[in-house]
Amino acid sequence: MSETKSSPNHFIKNIIEQDLQDQKNDSRVHTRFPPEPNGYLHIGHAKSMCINFGLAKEYQGLCNLRFDDTNPTKEEEEFVQSIQEDVRWLGYSWDDRLFFASDYFETLYDFAKKLILAGKAYVDSSPPEEIRNMRGTLTAGGKESPFRNRSTEENLNLFARMRAGEFQEGEAVLRAKIDMNSPNINMRDPVIYRILKAEHHRTGNQWCIYPMYDYTHCISDALEGITHSLCTLEFEDHRPLYDWFLDQLQTEHHPQQIEFARLNLSYTVLSKRKLTELVQQKLVHGWNDPRMPTIAGLRRRGVTPQAIRLFCDMIGVAKADNLVDIAMLEYAIREDLNSRAQRRMAVLHPLKVTITNYPEAQEEMLEADNNPEDPNSGKRQIPFCRDLYIERDDFMETPPKNYFRLTPGQEVRFVHAYYITCTEVIKDASGNISEVLCTYDPETRGGWADNGRKVKGTIHWVSARHAGRVEVRLYDHLFTKENMDNLEDGKSYKDYLNPASEQILPEVLVEPSLRDAQPGSNFQFLRNGYFCADSRLSKPGHPVFNRTVGLKDSWSKKKG
Ligand code: ATP
Ligand code: MG
């Protein structure tokens with residue numbers, strides 16, 4: 001995928017283009033990606049990254065990486081590291097513009113004092129529950145706090161004492177003084193500082209008061225000279241507050257907040273709280289479990305950054321929430337891997353085949369394209385001999401009509417090898433097929449007949465003498481319900497965990513060259529899907545393969 005190609009048009013691009021035309025913001029485009037370091041990034045964050053970093057790139061602007069680290073109780077250094085790794089892996093760079101909201105704590109404190117001096121903020125000593133009750137509801141207005149009209153001096157003094165640690169958690173908060181009767185609850189004197197006697201991953205115990213998200217976010221944006229502050233729809237009702245703070249503080253820059261729909265994906269949860277729970281309760285094998293919708297999980301599964309960016313282009317940017325079909329993500333993955341992944345043969349469920357007219361001592365090397373989609377991918381040699389394995393379901397003793405694979409008396413192509421005919425079926429004591437005997441036509445080397453004789457079926461195989469034995473993991477959706485935001489009454493998302501989401505095949509037979517597969521490398525196993533050598537479990541000479549995605553496309557068909 002070329003980096004110069006522009007993404008499809010959407011309403012945010014229209015806004016930016018108008019701004020550029022009007023020479024707003026000195027014709028700069030400056031965005032930011034603002035994760036909270038309280039979990040690993042997921043495919044929803046990828047959408048946000050593609051929008052923020054993508055737009056900056058497209059308009060020769062800049063995009064900052066900023067950690068919104070205002071909540072010391074849930075944040076960890078591990079997440080700060082993993083997030084940077086994932087942003088880089090997706091192909092984006094923040095150059096030297098790595099920021100932390102916690103770097104602004106002192107400035108944010110000074111700005112809060114400015115608000116107090118302007119009569120726009122006050123310390124409320126009401127108990128938290130009282131403050132909650134006074135906020136009112138969507139239908140009823142709020143009630144003013146008895147502490148709302150404290151003098152500036154008293155407020156300054158109390159705020160300084162909050163910072164000095166003289167109060168316990170919940171004994172006092174700093175609130176903006178706006179309008180307790182505003183129809184928008186966010187404007188009813190929101191809390192801007194709270195006391196939290198918690199250690200912060202960067203500032204340690206330097207602070208015991210922490211600024212709230214709404215207050216921090218707009219000021220951080222303004223300090224960094226952000227022009228377009230792009231966020232998800234749930235912040236739409238917070239926009240008046242975003243603007244209010246910046247208006248009161250008369251900041252040099254006043255970014256424009258623009259909201260877009262968050263990504264919801266079928267059969268998937270993207271809530272960080274739920275993903276954290278899955279990890280902590282060991283319902284998955286960690287944040288990078290290949291079934292997780294995290295960037296780390298997708299990477300381990302074998303998904304490429306190009307596929308994720310293609311998917312983000314495909315889903316577009318809209319203003320209304322919807323549910324994206326996970327088949328669309330799978331389609332993008334296939335599209336990308338088709339041109340990238342080398343072809344190999346692997347037999348997942350083996351059935352023994354003996355070519356009775358092939359000399360026992362003979363072996364030969366057959367040639368095959370590494371990737372017919374890529375003329376530069378070269379060719380490889382595959383060993384062939386009398387003892388082979390095929391997929392169990394590529395053979396039927398008494399087949400239905402239109403079964404074109406191996407069955408007694410019907411000639412099929414063993415891909416890259418020969419035309420083969422089954423002559424006899426061997427069964428074990430309990431009547432199960434244990435082996436099939438076949439003959440080959442030596443005149444069909446490479447899998448083609450000179451005389452134009454055609455076969456209807458083509459199947460894959462491996463040489464039993466040369467095959468590598470590897471572990472393969474097949475995956476299905478982590479959840480069984482299409483819309484995980486619409487559960488039946490009384491049910492939890494955990495009630496929909498798919499017990500068959502991971503299937504381990506301990507001994508799959510593969511072409512010998514796959515024994516040396518490098519961790520992280522992608523392959524197409526003919527007729528079985530795209531696979532990736534696992535970066536955690538593979539050992540030299542003993543790779544473990546994850547199935548990234550099957551070959552069957554269910555999305556373009558649905559699309560019609
Ligand atoms: P939290 O509930 O912990 O705030 P969050 O999903 O909002 O979770 P953040 O770390 O705050 O996580 O998100 C960073 C950025 O990614 C934000 O701008 C947020 O709007 C965006 N983002 C998060 N989830 C999605 C999603 N599903 N689709 C699109 N953007 C998302
Ligand atoms: Mg958030």
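All of these numbers come straight from a predicted model, not from anything done at the bench. In this chain, residues are counted from 1 in sequence order. Indexing begins at 1, ligand by ligand and atom by atom, following the structure's order.
For E502 (side chain) and V284 (main-chain N/O), no donor-acceptor pair under 3.5 Å exists by modelled atom type. In this structure, the side chain of R473 does not engage the main chain of R301 through any donor-acceptor pair within 3.5 Å.
The shortest N or O to N or O distance between E234 and ligand 1 is not under 3.5 Å. For ligand 1, the polar-atom distance check against G44 finds a nitrogen or oxygen pair separated by under 3.5 Å. At a 3.5 angstrom cut-off on N or O pairs, R32 does not count as close to ligand 1. Where the criterion is an N or O separation shorter than 3.5 Å, residue side chain and backbone included, K47 fails it with respect to ligand 1. Considering backbone and side-chain N/O of L263, one or more are found under 3.5 Å from N/O of ligand 1.
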> So Y496 and Y267, ring-ring contact (aromatic ring centres under 6.0 Å, His included) or not? Walk me through it.
Replying inline: CA-CA 9 Å; Y496 297 91; Y267 300 102; over 10 Å; no

>> Go through it in stages, so that I can follow the logic: the residues are V472 and R547, the test is side chain to side chain contact (heavy atoms under 4.5 Å, CB included), and I'd like the CA-CA distance, side-chain angles, deciding distance and then a yes or no.
In response: CA-CA 7 Å; V472 163; R547 176 148 73 185; 5.6 Å; no

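Only the side chain of K272 comes within 4.0 Å of ligand 1, counting heavy atoms alone; its backbone N, CA, C and O stay farther away. Neither the backbone nor the side chain of D68 comes within contact range of ligand 1; no heavy atom lies under 4.0 Å.
Taking a cut-off of under 4.0 Å to the non-hydrogen atoms of F33, the atoms of ligand 1 that pass are 15 (C), 16 (O). The contact set between ligand 1 and P34, taken as ligand atoms under 4.0 Å from a residue heavy atom, comprises 14 (C), 18 (O). Residue P35 has at least one heavy-atom neighbour below 4.0 Å for each of these atoms of ligand 1: 10 (O), 14 (C).
Residue contacts with ligand 1 include H42, since one or more of its heavy atoms lies under 4.0 Å from the ligand.
Ring centroid separation for the pair F67 and F100 comes in under the 6.0 Å cut-off. Ring pair H217/F235: centre-to-centre distance not below 6.0 Å.
Here the options are Y242, Y109, F245, F111, the test is ring-ring contact (aromatic ring centres under 6.0 Å, His included), and the partner is Y215; only F245 passes.
R66 forms no cation-pi arrangement with F33, by the criterion of a distance under 6.0 Å to the ring centre and an angle within 45° of the ring axis.
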